[in-house]
Amino acid sequence: MPHVHGRFAPTPSGPLHAGSLVAAVASYLDARHQAGRWSLRIEDVDPPRCPAGAADTILRQLEAFGLEWDGEVRYQSQRDHAYEAALARLTQQGMAYRCSCSRRQWRDYGIYPGWCRQGTRRPDIACAWRLRSDLGARPVSWQDRVQGYQRFDPAALGDVVLKRKDGLWAYQLAVVVDDIDQGISDVVRGLDLLDNTPWQLQLYHALGVEPPSYLHLPLVMGQDGQKLSKQNLAKPLPDTEREIRQLLYATLTCLGQRPDPASRSAPVAEQLLNACRAWRPDAMVTHAISADLLGVTASE
Ligand code: GLU
C-alpha cells in the first residue's frame, strides 16, 4: 500500500473552534488509522486576515487535544518561491493569465467572463492572475470518500484567481502546490471546500501530478443554520481538561464513531488511540452536524 500522508491546514484567522476541530480530528484519525503521517500546515497567505499569535494558539490547541503532528509545521507565508515557480509553469502552458478586471466590472455575469483571456485589457494597472478553467481538464470527477461520486465542469465555475491583485497568493494555488510538495495522499476537510476541488484537480492535472483522494466532512451548523465559523462568532475551543475531554468525545460521536460511553471523560490520548483503531469514515453522516450535539453554541 502506498504511504498515506494526511494533513490539517487551518487558516490562522483566529483560534480553532468546534467546526475546525472536526476537520483536525477526522484528518488525524484517518491518517493514523492507516499508519500514515499527519502534517500541520498553517495557511497564512493572507496576513491581514491572520492576527498575530493566532497560529501559535492553534498549535497549543491541537496539543491540548492530543493531536500530535509529524515533522515541522509548514507556514505558507514562507513559500512564495514555490508558488511563483508553479505560476510560471502554468503561464508557460497557457493555463494562467493576467487579469486587470475588477469585480465591479463583471458583477452582472455571476462568474468572471474571461475578458482578459486573449490579452490583458489594462496591462498598465495592478493585475490578478487567473486560471484558464476552459482549457484545463474538463469535466473533472472524483469518488469522494464520504460524499460519493462528484462531477463538475470547472469552466462553469469560472476562472479562479491564483494570485490576487494585491500580490497575495490565493488559496487554490497555494493549497495544491503545498499538498504536492508535501506528498499529501489523503485530503480530509470540510464540505465547504468541495466545490473548490474541481479547480484544484485542474491544477494537479496541469502540473502533471496524480491528485490525492478526497474526503469532505459534514459541517457543524449553528442554530441559525449557518456553518460554525469565526464570522458567526463560534467560540474558541475550551481549555480546561474536563471540557477538552468531553468535546473530543462529542466530536467522535458526531463523526459517527460510537466511542465507548465509559471513555467520555478519559484522557485525550486514550480516546484518540481507541478512535484510531476503530476509525470508520463510512459511518459518518454526509451533510450537517448540529452544534448543539457538540455542546457548543455561539458566544454573545
Ligand atoms: N485553509 C483552509 C481553511 O482553513 C483549509 C484548506 C484545505 O483543507 O484544503 O478553510
Side-chain angles (χ1 to χ4, degrees), residues 4-31 36-51 54-59 61-62 67 69 73-79 82-83 86 131 140 142 144-147 150 152 157 160-162 164 168-204 207 209 211-221 226-232 234 236-237 255 281:
V4 167
H5 191 167
R7 50 57 160 191
F8 177 53
T11 301
S13 50
L16 298 180
H17 50 76
S20 28
L21 183 68
V22 166
V25 167
S27 61
Y28 172 92
L29 293 175
D30 192 61
R37 287 172 64 76
W38 186 67
S39 292
L40 173 61
R41 184 171 72 231
I42 299 292
E43 301 212 318
D44 53 352
V45 275
D46 187 351
R49 270 187 62 211
C50 302
D56 286 341
T57 302
I58 290 175
L59 267 53
Q61 290 178 308
L62 291 171
L67 300 164
W69 56 89
V73 179
R74 174 171 292 210
Y75 292 86
Q76 288 193 325
S77 53
Q78 296 164 11
R79 299 271 304 149
Y83 309 144
L131 176 69
V140 294
W142 75 97
D144 194 277
R145 292 173 55 210
V146 164
Q147 308 298 333
Q150 306 292 322
F152 289 85
L157 303 172
V160 79
V161 170
L162 302 173
R164 295 172 12 178
L168 295 179
W169 294 102
Y171 158 68
Q172 308 297 344
L173 182 74
V175 73
V176 169
V177 170
D178 281 326
D179 279 342
I180 290 175
D181 186 68
Q182 293 184 280
I184 299 302
S185 62
D186 292 58
V187 168
V188 175
R189 61 185 179 193
L191 188 56
D192 52 332
L193 293 167
L194 182 110
D195 60 2
N196 288 234
T197 310
W199 292 306
Q200 294 173 18
L201 288 173
Q202 282 198 322
L203 289 171
Y204 275 96
L207 295 169
V209 178
S213 74
Y214 289 99
L215 187 165
H216 286 94
L217 297 159
L219 297 179
V220 180
M221 299 292 193
Q226 298 294 311
K227 174 185 98 132
L228 217 60
S229 72
K230 284 147 209 157
Q231 287 73 34
N232 64 18
L237 294 177
L255 284 167

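As the structure lists them, so they are numbered: ligands from 1, and atoms in each ligand from 1.
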**Q** Could you check ligand 1 for N or O atoms lying under 3.5 Å from protein N or O atoms and list the pairs with distances?
**A**
residue, atom, partner, partner atom, Å
ligand 1, 1 (N), Ala9, O, 2.7
ligand 1, 1 (N), Thr11, OG1, 2.9
ligand 1, 1 (N), Glu43, OE1, 2.6
ligand 1, 4 (O), Thr11, N, 3.2
ligand 1, 4 (O), Thr11, OG1, 3.2
ligand 1, 8 (O), Arg7, NH1, 2.6
ligand 1, 9 (O), Arg7, NH2, 3.0
ligand 1, 9 (O), Tyr171, OH, 2.8
ligand 1, 9 (O), Arg189, NH1, 2.9

**Q** Between Gln76 and Tyr171, does any side-chain donor sit less than 3.5 Å from a side-chain acceptor?
**A**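 The answer is no; no qualifying pair exists.
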
**Q** Take Trp169 and Leu162 through the side-chain contact (heavy atoms from CB on, under 4.5 Å) test and state the conclusion after the steps.
**A** CA-CA 6 Å; Trp169 294 102; Leu162 302 173; 5.9 Å; no

**Q** Can Gln182 and Arg7 be counted as having a side-chain donor-acceptor contact under 3.5 angstrom?
**A**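 Arg7 and Gln182 do not have a side-chain donor-acceptor pair below 3.5 Å.
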
**Q** Go through the steps to decide whether Ser27 and Trp38 satisfy the test side chain to side chain donor-acceptor pair (under 3.5 Å), and finish with yes or no.
**A** CA-CA 8 Å; Ser27 61; Trp38 186 67; 3.0 Å; yes

**Q** Test salt bridge (charged side-chain N to carboxylate O under 4.0 Å, His left out) on Arg145 and Asp30 and set out the steps.
**A** CA-CA 11 Å; Arg145 292 173 55 210; Asp30 192 61; 2.8 Å; yes

**Q** Could you measure the distance from the CH2 atom of Trp69 to the CZ atom of Arg74? Nearest 0.5 Å is fine.
**A**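 Rounded to the nearest 0.5 Å, the CH2-CZ separation comes out at 15.5 Å.
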
